[in-house]
Amino acid sequence: MGAGFLVGVIGVLILSHATYSTIQYRALLKITEEEFSGPSINVVIELIVSLVLCLWAAMAAPGNFKSIHPQSEENRVVALPANLDFMIFNHRGKIFPLETELKLK
(Lines give C-alpha, C1' and ligand atoms only; values in the text may rest on other atoms or scores of the structure.)
Protein backbone atom coordinates (compact mmCIF):
# COMPACT_ATOMS: atom_id res chain seq x y z
CA MET A 1 0.00 0.00 0.00
CA GLY A 2 1.45 3.27 -1.09
CA ALA A 3 1.18 6.80 0.11
CA GLY A 4 -1.67 7.51 -2.34
CA PHE A 5 -3.81 4.80 -0.80
CA LEU A 6 -3.09 6.05 2.71
CA VAL A 7 -4.00 9.63 1.73
CA GLY A 8 -7.25 8.31 0.21
CA VAL A 9 -8.16 6.51 3.42
CA ILE A 10 -7.45 9.66 5.44
CA GLY A 11 -9.61 11.68 3.02
CA VAL A 12 -12.51 9.24 3.40
CA LEU A 13 -12.16 9.31 7.20
CA ILE A 14 -12.26 13.13 7.21
CA LEU A 15 -15.32 13.01 4.93
CA SER A 16 -17.01 10.58 7.34
CA HIS A 17 -16.21 12.89 10.25
CA ALA A 18 -17.69 15.85 8.40
CA THR A 19 -20.86 13.84 7.77
CA TYR A 20 -21.11 12.85 11.42
CA SER A 21 -20.51 16.46 12.53
CA THR A 22 -23.29 17.71 10.27
CA ILE A 23 -25.72 15.11 11.63
CA GLN A 24 -24.83 16.07 15.21
CA TYR A 25 -25.17 19.79 14.39
CA ARG A 26 -28.65 19.25 12.92
CA ALA A 27 -29.68 17.22 15.96
CA LEU A 28 -28.49 20.05 18.21
CA LEU A 29 -30.50 22.55 16.17
CA LYS A 30 -33.62 20.39 16.50
CA ILE A 31 -33.21 20.33 20.27
CA THR A 32 -32.77 24.10 20.45
CA GLU A 33 -35.56 24.55 17.85
CA GLU A 34 -33.44 26.68 15.53
CA GLU A 35 -33.55 26.69 11.74
CA PHE A 36 -30.84 24.85 9.78
CA SER A 37 -29.30 27.35 7.38
CA GLY A 38 -26.24 25.32 6.40
CA PRO A 39 -23.29 23.45 7.81
CA SER A 40 -20.80 25.17 10.07
CA ILE A 41 -17.51 26.54 8.74
CA ASN A 42 -15.60 23.64 10.36
CA VAL A 43 -17.57 21.14 8.31
CA VAL A 44 -17.03 23.11 5.10
CA ILE A 45 -13.26 23.20 5.73
CA GLU A 46 -13.27 19.45 6.43
CA LEU A 47 -15.17 18.83 3.19
CA ILE A 48 -12.69 20.88 1.16
CA VAL A 49 -9.70 19.13 2.76
CA SER A 50 -11.22 15.69 2.19
CA LEU A 51 -12.03 16.60 -1.42
CA VAL A 52 -8.42 17.61 -2.06
CA LEU A 53 -7.05 14.49 -0.36
CA CYS A 54 -9.41 12.14 -2.20
CA LEU A 55 -8.67 13.75 -5.56
CA TRP A 56 -4.93 13.53 -4.92
CA ALA A 57 -5.29 9.87 -3.93
CA ALA A 58 -7.36 9.11 -7.03
CA MET A 59 -4.58 10.50 -9.20
CA ALA A 60 -1.69 8.94 -7.26
CA ALA A 61 -2.96 5.51 -6.23
CA PRO A 62 -3.65 3.84 -9.62
CA GLY A 63 -0.04 4.15 -10.80
CA ASN A 64 1.51 5.09 -14.11
CA PHE A 65 -0.41 5.39 -17.35
CA LYS A 66 0.26 2.77 -20.02
CA SER A 67 0.56 3.42 -23.72
CA ILE A 68 -2.53 2.71 -25.84
CA HIS A 69 -0.79 2.86 -29.21
CA PRO A 70 -0.93 -0.48 -31.02
CA GLN A 71 2.70 -0.17 -32.16
CA SER A 72 3.98 0.28 -28.61
CA GLU A 73 6.31 -2.39 -27.27
CA GLU A 74 4.50 -2.30 -23.90
CA ASN A 75 1.38 -3.83 -25.47
CA ARG A 76 3.02 -7.00 -26.78
CA VAL A 77 1.98 -10.37 -25.37
CA VAL A 78 4.97 -11.85 -23.62
CA ALA A 79 3.47 -15.15 -22.54
CA LEU A 80 0.21 -16.99 -22.97
CA PRO A 81 -1.69 -18.08 -19.88
CA ALA A 82 -1.05 -21.60 -18.65
CA ASN A 83 -4.71 -22.61 -19.08
CA LEU A 84 -5.75 -22.12 -22.71
CA ASP A 85 -9.26 -23.53 -22.13
CA PHE A 86 -10.66 -20.08 -21.38
CA MET A 87 -9.34 -18.42 -24.54
CA ILE A 88 -12.35 -17.93 -26.82
CA PHE A 89 -11.89 -16.91 -30.43
CA ASN A 90 -15.52 -17.39 -31.51
CA HIS A 91 -17.04 -14.03 -30.62
CA ARG A 92 -18.82 -11.05 -32.20
CA GLY A 93 -15.56 -9.54 -33.34
CA LYS A 94 -15.47 -11.93 -36.30
CA ILE A 95 -18.09 -9.84 -38.15
CA PHE A 96 -15.59 -7.00 -38.58
CA PRO A 97 -13.40 -7.25 -41.67
CA LEU A 98 -9.77 -8.10 -41.11
CA GLU A 99 -7.27 -5.44 -42.06
CA THR A 100 -4.47 -7.03 -44.01
CA GLU A 101 -2.18 -4.03 -43.63
CA LEU A 102 -1.70 -4.65 -39.90
CA LYS A 103 1.00 -7.21 -39.23
CA LEU A 104 2.43 -8.44 -35.97
CA LYS A 105 6.13 -7.90 -35.48
| query | Is there a path of hydrophobic side-chain contacts, each under 4.5 Å between heavy atoms of I, L, V, M, F, W or Y residues, that connects L6 with L53? | reply | yes
| query | Under a 4.5 Å cut-off applied to non-hydrogen side-chain atoms, are V12 and C54 in contact? | reply | yes
| field | Approximate separation, where rounding is to 0.5 Å, of L55 CG and S50 OG | value | 9.0 Å
| field | Among V49, V52, I48, the one residue meeting side-chain contact (heavy atoms from CB on, under 4.5 Å) with I14 | value | V49
| remark: NE2 (H17) and CG (N42) are apart, to the nearest 0.5 Å, by 9.5 Å
| task | Might you point out which heavy atoms bring A60 and G4 nearest each other, and give the distance in Å? | result | CB-CA, 4.2 Å
| said: Which heavy atom of T22 sits nearest to which heavy atom of P39, and what is that distance? | reply: OG1-CB, 4.5 Å
| field | Donor-acceptor under 3.5 Å (E46 side chain, A18 main chain) | value | yes
| Y25-I45 co-clustered via ILVMFWY side chain contacts under 4.5 Å | no
| Do V7 and I10 come close enough that some side-chain heavy atom pair is under 4.5 Å? | no
